[in-house]
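Report on one structure; see the data block that follows.
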Amino acid sequence: MAIALGKPGIDELTDAEGALREWQSDGAPTQLHPGDLGWFRRYGAEVTAAAVRTWSRDNRVLAVGLLDGPGLLRLAIAPDAWRDEELARKLVTDLAAPERGGLPTGRAYVEASPGTLVRDLLLADGWQPDEPWTPLHRDLAEPVDDPGVRIETVGPSGAGVRAAVQRAAFEGSAFASAHWHAMAAGPAYGDARCLVAYDDQDTAVAMVTVWSAGPGRPGLLEPLGVHRRHRGRGYGRAVTLAAAAALRELGASSARVCTPSANAGAVATYRSAGFRGLGEVRDLQRDA
């Protein structure tokens with residue numbers, strides 16, 4: 001059968017998340033994680049479903065895409081289909097046709113892992129590498145050091161505090177309690193945790209959400225932030241350690257995070273908490 005482009009309904013999102021779970025492994029490059037869909041769920045189930053695309057053959061999902069912001073498609077591909085020519089050419093064709101529900105006309109971006117045939121074809125078609133990102137990884141076989149600060153797991157009653165720290169950590173963020181509740185209502189959050197770090201004055205100073213892909217698979221940190229008034233005091237390292245410990249408790253084999261390479265402070269923070277870089281990666285950009 002030919003490869004079919006799909007637009008899952010709300011009740012079909014679990015199939016896309018299930019495929020993403022299966023594709024996560026410590027030996028594979030970083031690509032779209034089920035936690036990315038879980039984090040996007042903060043916008044609501046309907047918006048999330050509208051942003052997801054699948055490519056399937058014989059009722060098997062081979063690729064999952066997330067329209068993560070204007071003109072950006074983040075792709076994950078089944079490991080045994082990375083060099084599948086039929087799939088790669090179908091992806092390229094669909095990405096060039098806005099009427100198919102992929103990318104809009106004009107400037108656009110695609111996150112596709114190095115080594116995938118679709119990335120090679122896009123480069124041959126004139127797409128160019130964009131700004132570098134640094135994926136980082138920490139093995140969780142051994143126990144994680146104590147973070148040295150009080151860490152609380154966020155429940156419904158703590159959503160307001162969690163939201164306030166995020167707004168103070170990211171300029172322009174409008175994250176509110178309603179976003180947390182929408183995210184927590186999604187199926188992916190069953191294997192996730194939100195953590196808030198407190199200083200010795202019981203002030204909330206940092207936050208993180210971690211997403212498991214299941215036992216024995218890499219987990220994801222997304223997002224992590226430190227309150228702008230409390231930076232430079234080690235709270236970033238502390239909450240990163242807490243995140244790694246939480247993923248280990250959830251059975252994850254490792255913890256992963258990705259940050260712009262230009263954010264040298266973030267890269268240094270993750271390294272200080274035992275993460276190691278996996279080599280820079282770049283999205284692909286199509287000029288307007």
Side-chain angles (χ1 to χ4, degrees), residues 16-41 63-66 68 72 74-79 82 111-116 119 131-145 147 183 188-195 206-226 236-283:
E17 291 175 359
L20 292 175
R21 285 173 179 269
E22 291 180 8
W23 301 343
Q24 308 299 316
S25 71
D26 288 305
T30 300
Q31 58 176 357
L32 190 70
H33 189 279
D36 291 309
L37 267 62
W39 172 231
F40 198 89
R41 187 77 173 231
V64 176
L66 174 65
D68 193 2
L72 168 62
R74 303 178 61 193
L75 271 176
I77 298 174
W82 273 39
E111 179 187 280
S113 294
T116 56
R119 183 181 178 92
E131 298 299 318
W133 289 67
T134 297
L136 299 107
H137 165 278
R138 173 176 171 143
D139 184 87
L140 296 178
E142 300 297 329
V144 179
D145 291 343
M183 175 183 73
Y189 196 77
D191 291 321
R193 299 287 185 274
C194 271
L195 309 174
M207 49 65 55
V208 65
T209 303
V210 298
W211 305 88
S212 170
R217 300 185 186 277
L220 177 72
L221 282 64
E222 176 66 349
L224 182 150
V226 178
R237 177 180 184 274
V239 79
T240 301
L241 288 171
L247 283 172
R248 189 171 188 271
E249 290 176 4
L250 289 166
S253 58
S254 62
R256 287 186 171 183
V257 67
C258 196
T259 190
S261 298
N263 191 346
V267 174
T269 293
Y270 294 127
R271 289 186 182 278
S272 74
F275 284 68
R276 61 179 181 84
L278 297 176
E280 288 186 333
V281 296
R282 295 172 183 258
D283 294 349

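No experiment lies behind these values; they were computed from the predicted model shown.
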Is it true that a side-chain atom of D36 and a backbone atom of H33 form a donor plus acceptor pair closer than 3.5 Å? yes

Indicate yes or no: does R21 engage D191 in a salt bridge with an N to O separation below 4.0 Å. yes

In terms of heavy-atom contacts, A188 and P34 come closest through CB-O, 4.2 Å

Taking all non-hydrogen atoms of both residues, which atom of L247 and which atom of A255 are closest, and how far apart? CD1-CB, 3.7 Å

Separation between CG (L278) and CZ (R276), nearest 0.5 Å, reads 5.5 Å

Between R193 (side chain only) and A246 (backbone N and O only), is there a donor and an acceptor less than 3.5 Å apart? no

Establish, from distance only, whether the side-chain atoms of T134 and T259 form a donor-acceptor pair under 3.5 Å. no

In Å and rounded to the nearest 0.5 Å, what is the CG to CG distance from L221 to L195? 9.0 Å

Output, in order, the C-alpha distance, side-chain angles, deciding distance and verdict of side-chain hydrogen bond (donor to acceptor under 3.5 Å, both in side chains) for D26 and S254. CA-CA 7 Å; D26 288 305; S254 62; 2.4 Å; yes

Is the shortest heavy-atom distance from the side chain of C194 to the side chain of M183 under 4.5 Å? yes

Taken to the nearest 0.5 Å, the spacing of L20 CG from W23 CH2 works out to 6.0 Å

Got S261 and V267 here, is their nearest side-chain heavy-atom distance under 4.5 Å? no

Between Y189 and W211, how do the two ring planes meet: parallel, tilted or perpendicular, split at 30° and 60°? perpendicular

Pick out which of R74, R119, R282 makes a salt bridge (Lys or Arg N to Asp or Glu O under 4.0 Å) with E111. R74

Distance (rounded to the nearest 0.5 Å) between R256 CZ and Q24 CD: 7.0 Å

To the nearest 0.5 Å, how far apart are CG in L75 and CG in L66? 10.0 Å

Smallest separation among heavy atoms of V281 and P135, with atom names: CG2-CD, 4.1 Å

Test item: W82 side-chain N/O and I77 main-chain N/O as donor-acceptor pair under 3.5 Å: yes

Just how far is it from atom NE2 of H137 to atom OG of S253, taken to the nearest 0.5 Å? 6.5 Å

Measure from the side-chain N and O atoms of R217 to the backbone N and O of E22, and report whether any donor-acceptor pair falls under 3.5 Å. yes

If we only count heavy atoms from C-beta on, is the P223 to M207 side-chain gap below 4.5 Å? yes

What I'd like to find out is whether the side chain of R138 reaches to under 4.5 Å of the side chain of L241, using heavy atoms alone. yes

For G236, does its backbone N or O pair with a side-chain atom of T240 as donor and acceptor, under 3.5 Å? yes

